[in-house]
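Down below is the structure, laid out as structure tokens.
Counting starts at 1 for both ligands and their atoms, following the listed order. Everything numeric here is computed off the predicted structure, so don't read it as measured data. Computed over heavy atoms, backbone and side chain alike; hydrogens, waters and symmetry mates excluded.
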Amino acid sequence: MAKTPLRVAVTGAAGQIGYSLLFRIANGDMLGKDQPVILQLLEIADEKAQKALKGVMMEIDDCAFPLLAGMTAHADPMTAFKDADFALLVGARPRGPGMERKDLLEANAQIFTVQGKALDAVASRNVKVLVVGNPANTNAYIAMKSAPSLPAKNFTAMLRLDHNRALSQIASKTGKPVASIEKLCVWGNHSPTMYADYRFAQIDGASVKETINDDAWNRDTFLPTVGKRGAAIIEARGLSSAASAANAAIDHMHDWYLGTNGKWTTMGIPSDGSYGIPEGTMFGFPVTTENGEYTIVQGLPIDEFSQERINLTLKELTEEREGVAHLLA
Ligand SMILES: NC(=O)C1=CN([C@@H]2O[C@H](COP(=O)(O)OP(=O)(O)OC[C@H]3O[C@@H](n4cnc5c(N)ncnc54)[C@H](O)[C@@H]3O)[C@@H](O)[C@H]2O)C=CC1
Ligand SMILES: O=C([O-])CC(=O)C(=O)O
């Protein structure tokens, strides 16, 4: 028997990430090739944005996706999020050359109070929320705090692009396929302070750290390359990453919903106090997922270098949070 369609709300649907994301959700890449979906698409109440959204929807229609069970356009989060099982909060201003993601805080924070409240009011009580709009961790924190009647664990931030970037750099350094790399993780904020950690990573059972055996490469090449990859793409393309961001959003939701079969991935999630990260901080952690729930990988030793990196990214997140405290008062 055919499965009941799941409702997927996407904000910023006419933007550049939306243009890569929606087609893949409708194609079954996110929730499975046997799972029908209904797309509930939100754009700002601006004639040009709504017209562009209509254009994207015409193209989605023209793909005749067998799994697409319905699609609606919205200018109000209260209708866009109605009964949503999944919400991908992409809509926000992107950064331009020379900006850091936290420079977007003022411009974007407001959006996530409004949308958190709307999710609280109308979404499914089990809604799984992924915040992509930058600064993603703090925006996810704002949305979570603005939705007190929903479980905090339902709110997540996207660190998966950093995770995938790190995988790709390690694959290229070791000459091994990305699919062979396991037990990689990224700690902290989706910003240049994030700490991509391959100390526990393995390729076919062999330690990645021992295979690479080059702490200077880790410190001076790997971490800056992964941390500043977003800026490098803006510099090269004149626009921030879009298809790779959409791909990471698909990976994040896919793994959250369908499970990782014991494998590690990275999600930005509200801390439960693990590894000394204050409870509620929206922080990148190594997780495994099963039955729609994530679990933090416990008991990893944190050496001095790693602790310094974790402290740095935590400090930045704490400052960002203090910067938006007035919005949550
Ligand atoms: N977490 C991550 O790894 C990544 C995050 N990003 C972030 O994703 C966000 C979107 O990026 P792009 O799609 O490239 O930007 P874009 O400017 O192409 O599209 C954003 C869309 O969101 C819409 N929008 C703005 N406010 C909205 C609201 N309140 N409700 C609904 N829609 C709204 C805009 O009208 C626009 O169509 C940016 O904040 C960017 O920095 C981008 C790449 C990676
Ligand atoms: O760098 C940006 O502004 C967009 C983004 O978050 C990324 O590509 O990681």
Applying side-chain contact (heavy atoms from CB on, under 4.5 Å), run through Arg219 and Phe305 and close with a yes or a no.
CA-CA 10 Å; Arg219 195 182 52 241; Phe305 176 80; 4.1 Å; yes
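A donor-acceptor contact closer than 3.5 angstrom links the side chains of Ser274 and Gln298.
Between Phe285 and Trp187, the ring-plane angle classifies as perpendicular under the 30° and 60° cut-offs. Ring orientation note: the planes of Phe86 and Tyr257 are nearly perpendicular, at an angle over 60° on the 30°/60° scale.
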Pairs of nitrogen or oxygen atoms, one from ligand 1 and one from the protein, closer than 3.5 Å: please tabulate them with distances.
residue: ligand 1; atom: 1 (N); partner: Val132; partner atom: O; Å: 3.1
residue: ligand 1; atom: 3 (O); partner: His190; partner atom: NE2; Å: 3.1
residue: ligand 1; atom: 6 (N); partner: Asn134; partner atom: ND2; Å: 3.3
residue: ligand 1; atom: 13 (O); partner: Gln16; partner atom: N; Å: 3.4
residue: ligand 1; atom: 13 (O); partner: Ile17; partner atom: N; Å: 3.0
residue: ligand 1; atom: 14 (O); partner: Gln16; partner atom: NE2; Å: 2.9
residue: ligand 1; atom: 18 (O); partner: Gln16; partner atom: N; Å: 2.9
residue: ligand 1; atom: 30 (N); partner: Gln115; partner atom: NE2; Å: 3.3
residue: ligand 1; atom: 32 (N); partner: Gly12; partner atom: N; Å: 3.3
residue: ligand 1; atom: 35 (O); partner: Glu43; partner atom: OE1; Å: 2.7
residue: ligand 1; atom: 37 (O); partner: Glu43; partner atom: OE1; Å: 3.4
residue: ligand 1; atom: 37 (O); partner: Glu43; partner atom: OE2; Å: 2.6
residue: ligand 1; atom: 39 (O); partner: Arg93; partner atom: O; Å: 3.0
residue: ligand 1; atom: 39 (O); partner: Asn134; partner atom: N; Å: 3.0
residue: ligand 1; atom: 41 (O); partner: Asn134; partner atom: ND2; Å: 2.8

Output block, N or O contacts of ligand 2, threshold 3.5 Å exclusive:
residue: ligand 2; atom: 1 (O); partner: Arg95; partner atom: NE; Å: 3.1
residue: ligand 2; atom: 1 (O); partner: Arg95; partner atom: NH2; Å: 2.7
residue: ligand 2; atom: 1 (O); partner: Arg101; partner atom: NE; Å: 3.3
residue: ligand 2; atom: 1 (O); partner: Arg101; partner atom: NH2; Å: 3.0
residue: ligand 2; atom: 3 (O); partner: Arg95; partner atom: NE; Å: 2.5
residue: ligand 2; atom: 6 (O); partner: Arg101; partner atom: NE; Å: 2.8
residue: ligand 2; atom: 6 (O); partner: Asn134; partner atom: ND2; Å: 2.8
residue: ligand 2; atom: 6 (O); partner: His190; partner atom: NE2; Å: 2.6
residue: ligand 2; atom: 8 (O); partner: Arg165; partner atom: NH2; Å: 2.7
residue: ligand 2; atom: 8 (O); partner: Ser241; partner atom: OG; Å: 2.4
residue: ligand 2; atom: 9 (O); partner: Arg101; partner atom: NH2; Å: 2.9
residue: ligand 2; atom: 9 (O); partner: Arg165; partner atom: NH1; Å: 2.8
residue: ligand 2; atom: 9 (O); partner: Arg165; partner atom: NH2; Å: 3.3
residue: ligand 2; atom: 9 (O); partner: His190; partner atom: NE2; Å: 3.2

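Environment of CD in Gln307: crowded, with over 12 heavy atoms of neighbouring residues, nucleotides or ligands closer than 6.0 Å. More than 12 non-hydrogen atoms from other residues, nucleotides or ligands lie less than 6.0 angstrom from CD of Glu59. Within 6.0 Å of NZ in Lys3 there are more than 12 heavy atoms belonging to other residues, nucleotides or ligands.
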Could you list the donor-acceptor pairs under 3.5 angstrom formed by side chains in residues 230-242, with sequence neighbours left out?
residue: Arg237; atom: NH2; partner: Gln16; partner atom: OE1; Å: 2.7
residue: Arg237; atom: NH2; partner: Ser240; partner atom: O; Å: 2.9
residue: Ser241; atom: OG; partner: Arg165; partner atom: NH2; Å: 3.3

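The side-chain contact (heavy atoms from CB on, under 4.5 Å) test applied to Thr295 returns Thr288, not counting sequence neighbours.
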